[in-house]
Amino acid sequence: MIQNSSHMTERPRLLILGAHPDDAEYSAGGLATRYRQLDRQVKMVSVTDGSAGHHQRSSQELIPMRRAEAAAAGAVIGATYETWDFPDGRLQPTLEVRDRIIREIREFQPDLVLTHRPCDYHPDHRAVGQCVQDASYMVTVPLIVPDTPALRKDPVVAYMPDLFTRPTPLRCDVILNIAAEFPVVSRMLACHRSQVFEWLAYEGDILNTVPEDEGERQKWAQEWFAKHIRPRAIRFQDELIARVGSSQAEQIEFIEMFEISEYARRPDGALLELLFPNAQSA
Ligand SMILES: [Zn+2]
């Protein structure tokens with residue numbers, strides 16, 4: 001049986017497939033926020049259970065904790081956040097993972113899917129990126145994963161921001177200025193308390209700077225996030241200048257940039273504008 005995807009595309013649906021609880025908002029929280037402000041459906045998925053992300057807590061303690069943190073982060077913008085059960089730090093691009101992703105894309109019927117590039121520092125990110133790439137066309141093939149009806153059209157797939165350079169840097173097909181969404185994304189990230197205020201602070205050797213007071217923590221999370229994403233606009237300044245000119249580019253501090261996958265649906269200019277509202281035009 002084949003489904004009709006005629007719901008396309010006045011109110012596009014966004015599915016973000018990240019490897020860990022917090023990847024989706026860290027990399028694409030600005031776009032996700034913009035979707036929700038336009039009353040569009042957003043679903044965020046962590047393919048792994050997050051059970052490896054701590055220096056003190058046990059995996060058994062972390063799994064429910066991180067599931068709750070992710071749900072809270074999603075609730076900030078009214079997005080669904082689902083955490084799957086594949087073990088954190090152990091993910092491989094297996095048929096099991098690919099089939100699960102094929103089912104997810106077919107059931108949610110997104111117009112846009114965001115994920116990691118298959119070249120990335122983290123093996124779990126690479127595995128998710130590979131599986132999404134491998135699922136991109138297969139979602140339209142009825143005899144693959146026949147328990148879930150195939151789509152007539154594959155969604156657009158795009159890769160989320162990263163700064164890696166080998167074998168090739170991310171190509172900026174789309175750039176968003178996320179200054180307006182930045183505080184909201186910071187709030188989402190601050191929901192991942194076991195990460196931002198504990199594990200990532202421990203890893204970054206800044207645990208002693210994390211405040212006790214809740215209001216101070218929110219401010220601290222904003223500064224932490226700003227420090228981490230400022231390099232994007234610096235790295236891709238030439239691309240920004242080409243779009244908005246140098247005086248405006250200088251003012252842009254926080255961006256999200258996306259590369260459209262060539263293995264899934266290829267959007268024309270009008271669809272691109274619909275899927276990435278208020279992008280900096282090329
Ligand atoms: Zn991750």
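Remember, it's 1-based here, ligands and their atoms both numbered in the order they're listed. Positions are given from 1 along the sequence.
Between the OD1 atom of Asp23 and the NE2 atom of His125, the angle centred on the Zn ion (ligand 1) amounts to 110° when rounded to 10°.
Residue side and main chain included, His122 places no N/O/S atom under 2.8 Å of the Zn ion (ligand 1). When distances to the Zn ion (ligand 1) are checked against a cut-off of 2.8 Å, His116 contributes no N, O or S atom below that limit. At a threshold of 2.8 Å, the Zn ion (ligand 1) has no backbone or side-chain N, O or S atom of Asp22 nearer than that distance.
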Exercise. Run the side-chain contact (heavy atoms from CB on, under 4.5 Å) check on Ile178 and Ile255 step by step: do they pass?
Worked result: CA-CA 5 Å; Ile178 61 154; Ile255 62 169; 5.7 Å; no
Exercise. Step by step, would you call His116 with Asp23 a side-chain contact (heavy atoms from CB on, under 4.5 Å)?
Worked result: CA-CA 9 Å; His116 308 284; Asp23 283 332; 3.5 Å; yes
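Surrounding CZ of Arg90 are at most 12 heavy atoms belonging to other residues, nucleotides or ligands under 6.0 Å away. The neighbour count for Glu214 CD, taken as heavy atoms of other residues, nucleotides or ligands under 6.0 Å away, is above 12.
A donor atom on one side chain and an acceptor atom on the other are found under 3.5 Å apart for Trp220 and Thr209.
Counting just the N/O/S atoms of His20, the one with the shortest distance to the Zn ion (ligand 1) is named ND1.
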